[in-house]
There are 2 protein chains.
Amino acid sequence: MRVATLILLRRECIVCMANIDDVAKLANVSTATVSRVFNNSPYVSEKARESVLKAAKELGYEPSILARSLAMKKTNTIGLIVPDISNPYYSEVVRGIEDVCNIYKYNIILCNADNSRDKEIQYIDMLKSRWVDGIIFHSDYFSDEIYHIFKDRKIPLVLAGRATSYDIPYVVIDNRKAAYDATKYLISQGHKKIGVIHGDLNGMKETVDSVDRLYGFLDAMKEAGLKVYDELIKESNFKAKGGYMAAKEMLMGNVKPDAIFAFSDIMAMGAINAIFDAGLKCPEDVSVIGFDNLDLAEVTRPALATVAQPMYDIGAVAARMLIKIIDNKKISEKKVILKHRLIIRQSCIKRDAQKI
Amino acid sequence: MRVATLILLRRECIVCMANIDDVAKLANVSTATVSRVFNNSPYVSEKARESVLKAAKELGYEPSILARSLAMKKTNTIGLIVPDISNPYYSEVVRGIEDVCNIYKYNIILCNADNSRDKEIQYIDMLKSRWVDGIIFHSDYFSDEIYHIFKDRKIPLVLAGRATSYDIPYVVIDNRKAAYDATKYLISQGHKKIGVIHGDLNGMKETVDSVDRLYGFLDAMKEAGLKVYDELIKESNFKAKGGYMAAKEMLMGNVKPDAIFAFSDIMAMGAINAIFDAGLKCPEDVSVIGFDNLDLAEVTRPALATVAQPMYDIGAVAARMLIKIIDNKKISEKKVILKHRLIIRQSCIKRDAQKI
DNA sequence: ATGAAAGCGCTAACAG
DNA sequence: CTGTTAGCGCTTTCAT
């Protein structure tokens, strides 16, 4: 009888759910006891526990995380801001973060900033007002402006994929060294006129991935005493079409590249197609190397040589760090630099000296 | 003086934020007035509004969405469950949802079910306990089990990418017709031994995309009086490597296909590479058609013919429907079927009759 | 081991 | 137009 009444009562409510009072009443205990049962407190008699569980089941009760968060001032939620989830690189990072968060019972609010700084800031505000316990921020730049916004917000923060000189933990690869390695490899294969397809350089003012990588490229070229052709350094947008256009321009220019280094696999794939469309062959006429080592790199033809980033790990490590910080645990290292790897595949070929 | 005290007080608090009381005190008004200001109530004097805003700014106050949600029993958040964000198809759907949600000031909790039904159910529970206002569920199947779970949970729900006979709104394309169209096109080009690479068929028991599409394929084959070879119907996993393996098996078998219809562009790309690796040419020896029309389809070589799905719109329409349902507005149509489009590109060629 | 009660930050009658 | 007050559902002392 009582149960029926309770259920009927609840029916009128929009969010049609039993709450802790209902359970307490039905189980003939106090709300405190119900709370204890659902928080696995040891100080509950077996008898009380059972009747609470029974009542909860009967009413279809589940604790409201909302109310709990408010009471505990802890949401068990982290915010994640990425520039563009439709980029497979980020999907993979997200997977790493997700897996770790699942282990530690954290939820994620994923924010797709759409490569817009305004949106990033908007999302930071939103996450703050939702009391997320911390934020993982993945962007290819980290400006003073963003730094100050975060500083004002006072939320635990970990940077993924981007280093900074500010005192903020991050997990990255050594982009400069990675680009250096890739370029050096191309040079070792006899390539001399090497083109680059990079992303936004942000006027070289702030540190962005593409700037690091471009420096790495220049390091290697300089070391080898090779000429760097301005016409072979093209800006693009990390998309396949962008890579295609950039490569096309190069191939139609005065200085023909014998190799192209694209700062993402997707752009590299575009470049390979531009080479085909120009009536040339990859790698016979132009070698191509990418960056990221997406799954796709392995199955394209020619298979794409590339610099492998540990995308999943970047996410996973960032998440581990953030959760430790939230829990006020010591983190052994605030600046984590993960290893990159050069992956050689068919899109690069050794160039004979005489052919040049 | 007063301000300083307040701020100091707050410092001790873990979530170091000013709350509505602080603002009310500093502005010399009641909390109700502060609340009114932040909810744009017209019944506030200009004077009060100003001093509230000033105080809020001084204290860096932002309303807690958490507390607001609890008080209003509305979170302005929707849950989104997808099988695998690393699949570009889903990224694009997510973008559509996001854009609409941004307009209507909804937030999204994105759940990546990792193609696991257990995880899906887990996420449904989580979303429920977070009081999301509604859920968009994108999966390639919708089983009785899942239906009943949702029914018990009583949360507004919209299905994306999957039709159902249950009384649940959905937005989809006509998968059967789409596959029929693609197959018919291949047949019209003179192909006879057509292979198929599909996804999980779930024992043909529940309706999943691949089953619909397979039926569409069979419809067209039957209509044309063509023989369907079991050896040319291969199951795969919607990934490039899977498509590669499936195509390889076909090409090494007794019955050589003259065309392959892959149920996703990614698998189609894998198939094209398998064709190359078998020493054959696409489209000269084997034509390939995909499904989805990802950005990538346009930039691969040969460019990939495919069945275009309006991915972004599937997301956007689903989000619009859900928000209307949440707001108790009439929705004109509960079952939305969006248009697919056949996109012809170089990976399909006309086969001469004599060559077969 | 258990209950009463205060409080988390906000909204929404209600009364003025 | 504004303030008072009673919740929203949960956790957490503090008694018992």
Side-chain angles (χ1 to χ4, degrees), chain A residues 6 9-10 12-52 55-56 59-76 128-133, chain B residues 6 9-10 12-52 55-56 59-76 128-133:
Chain A
L6 279 170
L9 262 166
R10 285 289 141 197
E12 303 176 66
C13 155
I14 302 164
V15 177
C16 193
M17 273 173 54
N19 65 16
I20 200 170
D21 284 325
D22 301 335
V23 178
K25 265 176 210 145
L26 183 59
N28 264 314
V29 295
S30 72
T31 61
T33 302
V34 178
S35 173
R36 285 186 190 107
V37 169
F38 278 90
N39 288 295
N40 293 314
S41 157
Y43 308 116
V44 184
S45 67
E46 212 30 60
K47 197 183 143 213
R49 183 181 307 276
E50 266 171 32
S51 65
V52 165
L59 297 171
Y61 168 77
E62 251 172 285
S64 160
I65 296 197
L66 218 58
R68 174 183 288 169
S69 299
L70 183 62
M72 306 208 330
K73 283 172 160 294
K74 172 120 173 23
T75 54
N76 261 274
K128 182 199 170 197
S129 67
R130 290 197 161 251
W131 288 20
V132 294
D133 297 330
Chain B
L6 278 170
L9 262 165
R10 284 290 141 195
E12 305 176 65
C13 156
I14 301 164
V15 178
C16 190
M17 273 174 54
N19 67 15
I20 201 169
D21 284 324
D22 300 335
V23 178
K25 264 176 210 143
L26 183 59
N28 264 315
V29 295
S30 71
T31 62
T33 301
V34 177
S35 172
R36 284 185 190 108
V37 170
F38 278 91
N39 288 294
N40 292 315
S41 157
Y43 308 116
V44 184
S45 67
E46 213 29 62
K47 197 183 144 214
R49 183 183 307 277
E50 266 171 32
S51 64
V52 166
L59 298 171
Y61 167 78
E62 252 173 283
S64 159
I65 296 198
L66 218 58
R68 174 183 288 170
S69 299
L70 184 62
M72 307 210 330
K73 285 172 159 293
K74 171 121 174 21
T75 54
N76 262 274
K128 182 199 171 195
S129 67
R130 292 197 159 251
W131 288 20
V132 294
D133 296 329

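Heavy atoms only: backbone and side chains are in, while hydrogens, waters and symmetry mates are out. Throughout, a chain's letter reflects where its sequence line sits, starting with A, and its residues are numbered from 1.
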Rounded interatomic separation in angstrom, taking [atom1] from [X] and [atom2] from [N]:
X     : N      : atom1 : atom2 : value
A/E46 : C/dT2  : CD    : P     : 10 Å
A/N28 : C/dT2  : CG    : C1'   : 13 Å
A/L66 : C/dT11 : CG    : C1'   : 14 Å
B/K74 : C/dC10 : NZ    : P     : 18 Å
A/R49 : C/dT2  : CZ    : C1'   : 13 Å
B/Y43 : C/dA15 : OH    : P     : 17 Å
B/L59 : C/dG9  : CG    : P     : 13 Å
B/E50 : D/dC1  : CD    : P     : 14 Å

What's the spacing between [X] [atom1] and [Y] [atom2] if we round to 0.5 Å?
X     : Y     : atom1 : atom2 : answer
A/I20 : A/Y61 : CD1   : OH    : 4.0 Å
B/I65 : B/M72 : CD1   : CE    : 10.0 Å
B/L59 : B/K25 : CG    : NZ    : 11.0 Å

**OP:** Check A/A56 against A/V23 and note the closest heavy-atom contact, atom names and distance.
**Re:** N-CG1, 4.0 Å
Original post:
Under 4.0 Å: is that the gap between some side-chain N or O of A/T33 and OP1 or OP2 of C/dA1?
Top reply: no
Original post:
Distance check: side-chain N/O of B/K73 vs OP1/OP2 of C/dT11, anything under 4.0 Å?
Top reply: no
Subject >> Overall bend - the helix from C/dA1-D/dT16 to C/dG16-D/dC1, comparing terminal axes fitted on five pairs, nearest 10 degrees >> reply: 40°
**OP:** Output all residues satisfying salt bridge (charged side-chain N to carboxylate O under 4.0 Å, His left out) with B/E62, sequence neighbours left out; order by chain, then residue number.
**Re:** A/K128
**OP:** Could you encode protein contacts along nucleotides 10-16 of chain D as a string, one character per nucleotide from 5' to 3', using B for base contact, S for sugar-phosphate-only contact and - for no contact, with a heavy-atom cut-off of under 4.0 Å?
**Re:** BBBB---
**OP:** Not counting sequence neighbours, which residues clear side-chain hydrogen bond (donor to acceptor under 3.5 Å, both in side chains) with A/T75? List them please.
**Re:** A/D133
**OP:** For B/R36, enumerate each residue passing the side-chain hydrogen bond (donor to acceptor under 3.5 Å, both in side chains) test, keeping only those at least two apart in sequence or located in another chain.
**Re:** none
Show me the side-chain donor-acceptor pairs of residues 38-49 of chain A shorter than 3.5 Å, one per line, residues at least two apart or across chains.
from  : atom 1 : to    : atom 2 : distance (Å)
A/N39 : ND2    : A/S35 : O      : 2.8
A/N39 : ND2    : A/S35 : OG     : 3.3
A/S41 : OG     : A/Y43 : N      : 3.2
A/S45 : OG     : A/A48 : N      : 3.1
A/R49 : NH2    : A/S41 : O      : 3.1

Original post:
Are the side chain of B/N19 and the backbone N or O of B/D22 linked by a donor-acceptor pair below 3.5 Å?
Top reply: yes
